[in-house]
Amino acid sequence: MGDSHLDGRWSVLPTPDLWIVSGVAKHGASMEPNGWQDAVFEALRRARIRQVGYVPDAGHARLIARAHAEADMRAVVLTTEEEGVALAAGAWLGGDRAVLLMQSSGVGNCVNMLSLPLNCRMPFLALVTMRGEWGEFNPWQVPMGNAAGPVLAAMGVLVRRVERAEDAAETVEGAAALAFDSAVPVAVLLAQRLIGAKVWVR
Amino acid sequence: MSEGQLDRRAAVAALLRDPGDLLVVTGLGGTTYDAGAAGDRPENFYLWGAMGAAAMVGLGLALARPARRVLVLTGDGEMLMGLGALATIAAQALPNLAVAVLDNGRFGETGAQLSHTARGTDLAAVARGCGWGRACTVAAAGDLEDLRLRLRNEPLFAVVRIAPEEAPRVLPPRDGALLHHRFRAALLGP
């Protein structure tokens, strides 16, 4: 991917993982095969995830597109991340397994809602793409990016972190087993370095 | 808008009459007590916290059990905290989920402060604006039986205008793990 994808407003570091032009994920780009994100999707499928609640994030674009295309999954677009915590609780009450896909900024929106899986001793699984921690251009992402892991831990969520692409699927698979077999809340933080920092170009 | 007139206990008892295998999710506060007073059963999942969660718990449940009817019963304050859920649910266009909001225009748990619905917000109009094809407001006791039937058969959003008077506390179980495990056992077996 070369400079031809930069249109003078903003784009991303030229990693093969993310392809963004003019502020929106380029249509169709998220359906292109992507090594570690496809592996994470397969891990979710092996974990028998049926409901995928999400607030869109470029780092989750491939997972979201695949969830929508998967007959055995229901992808549910949310207006705010805390809805996904409640969705997952309802799914579990009905016998389904759910995952919540969000960006680190969404962690703060979830805090009180986490009392639901915690009080009810229900499983909870979230995949969090990190912003504000590596190569971040937008200072507004930094406070919640910096606090996302500690805030989750303070609420009693078990936090796992992925730094390298080759660890992503295995970490998610282990987190899903931990969440659903031991009925605990688990969040996997996907490092910004893994996703690719957004670069704004004037 | 004038005050609602319906007695909340009588209204909920009417709406939950002959529950059969109806799956019920209640929001924290008055509707949890009302549902408990109408008859505790394992297929009732009461929220005692997580304000704003009720409608979304109903959505996850309704998606998981498409052959079962799900009724979310909550109050105006609880619904107002999770208004976005009305858009999220409408976007899924499910046939088996209904939401009924007992609207007294008050935050009943905290001193009966006036809520937004007493200051001009029309929740049925909000639901329509979010894409709900069927939304209604019921204010008369004589309409409750028709509403009961609609809530069991349609993807309906209903506002039930109740009087602001507080009802005696009837406290169903509040241990979340107990509520969760008995609900799943009743629905899915041991």
Side-chain angles (χ1 to χ4, degrees), chain A residues 48-56 64 67-68 70-102 106 109-125 155-156 180 182-185, chain B residues 23-25 27-28 42-68 70 72 74 78 81-94 96-97 130 173-189:
Chain A
R48 305 193 307 281
I49 298 293
R50 301 269 305 195
Q51 297 187 31
V52 181
Y54 67 91
V55 172
I64 292 167
H68 273 289
E70 173 69 39
D72 289 337
M73 288 184 184
R74 183 78 169 225
V76 179
V77 62
L78 309 169
T79 72
T80 176
E81 292 82 357
E82 65 200 277
E83 288 177 6
V85 182
L87 178 81
W92 180 253
L93 285 174
D96 269 4
R97 295 175 170 201
V99 67
L100 171 56
L101 308 180
M102 62 177 156
N109 293 346
C110 293
V111 177
N112 183 57
M113 204 59 91
L114 289 168
S115 60
L116 180 47
L118 286 160
N119 239 345
C120 295
R121 271 194 277 132
M122 290 177 182
F124 173 70
L125 178 65
M155 284 304 293
F180 294 106
S182 291
V184 290
Chain B
L23 304 175
V24 178
V25 178
L28 90 166
E43 298 90 347
N44 289 1
F45 185 76
Y46 311 110
L47 288 161
W48 284 81
M51 187 167 173
M56 285 301 301
V57 171
L59 176 61
L61 180 56
L63 285 170
R65 311 306 316 170
R68 297 288 290 264
V70 177
V72 173
T74 190
E78 209 273 349
M81 192 169 280
L83 273 188
L86 293 178
T88 296
I89 292 169
Q92 295 300 317
L94 283 187
N96 62 324
L97 173 63
C130 286
R174 65 180 180 277
D175 181 300
L178 168 71
L179 293 167
H180 149 208
H181 288 297
R182 72 174 198 167
F183 187 99
R184 276 187 47 115
L187 179 59
L188 307 169

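As the structure is a computational prediction, the values presented were derived from the model and not from experiment. Within every chain, numbering begins at 1; the chains are lettered A, B, ... in the order of the sequence lines, protein sequences first and strands thereafter.
Residue contact with chain A, scored on non-hydrogen atoms closer than 4.5 Å, involves the side chain of L187(B) exclusively. When heavy atoms are compared at a cutoff of 4.5 Å, L63(B) approaches chain A by way of both its backbone and its side chain. Neither the backbone nor the side chain of L23(B) comes within less than 4.5 Å of any heavy atom in chain A. Residue contact with chain B, scored on non-hydrogen atoms closer than 4.5 Å, is absent for R50(A). For a residue to count as touching a neighbouring chain, one of its non-hydrogen atoms must lie under 4.5 Å from one of that chain's; by this rule E83(A) touches chain B with backbone and side chain alike. Heavy-atom distances place the side chain of S115(A), and not its backbone, under 4.5 Å from chain B.
Comparing M51(B), R184(B), H181(B), R68(B) by heavy-atom pairs within less than 4.5 Å of chain A, the highest count is held by R184(B). Most heavy-atom pairs under 4.5 Å with chain B, from the set D96(A), L93(A), V77(A), T79(A): that is L93(A). If you tally non-hydrogen atom pairs under 4.5 Å between each of A91(B), G60(B), A85(B), A87(B) and chain A, the highest count goes to G60(B). Contact count versus chain A (heavy atoms, under 4.5 Å) is highest, among L178(B), V57(B), V25(B), D175(B), for V57(B). Of the listed residues (A54(B), G84(B), G49(B)), the one with the most heavy-atom contacts under 4.5 Å to chain A is G84(B).
Counting only distance, with no hydrogens or angles, the side chain of N96(B) and the backbone of A62(B) share a donor-acceptor pair below 3.5 Å. With R97(A) contributing its side chain and R48(A) its backbone, the two residues share no donor-acceptor pair below 3.5 Å.
The nearest pair of heavy atoms linking A53(B) to L116(A) is CB-CD2, 4.1 Å. The minimum heavy-atom distance linking L179(B) with P173(B) is given by the pair CD1-O, 3.5 Å.
Atom OH of Y46(B) and atom CZ of F183(B) lie 11.0 Å apart (nearest 0.5 Å). Here CG of L83(B) is found 12.0 Å from OG1 of T80(A). Values are rounded to the nearest 0.5 Å.
The aromatic rings of Y54(A) and H68(A) sit perpendicular to each other, their planes meeting at more than 60°, with 30° as the lower class boundary.
The 12-atom threshold is not exceeded at CE of M81(B), counting heavy atoms of other residues, nucleotides or ligands nearer than 6.0 Å.
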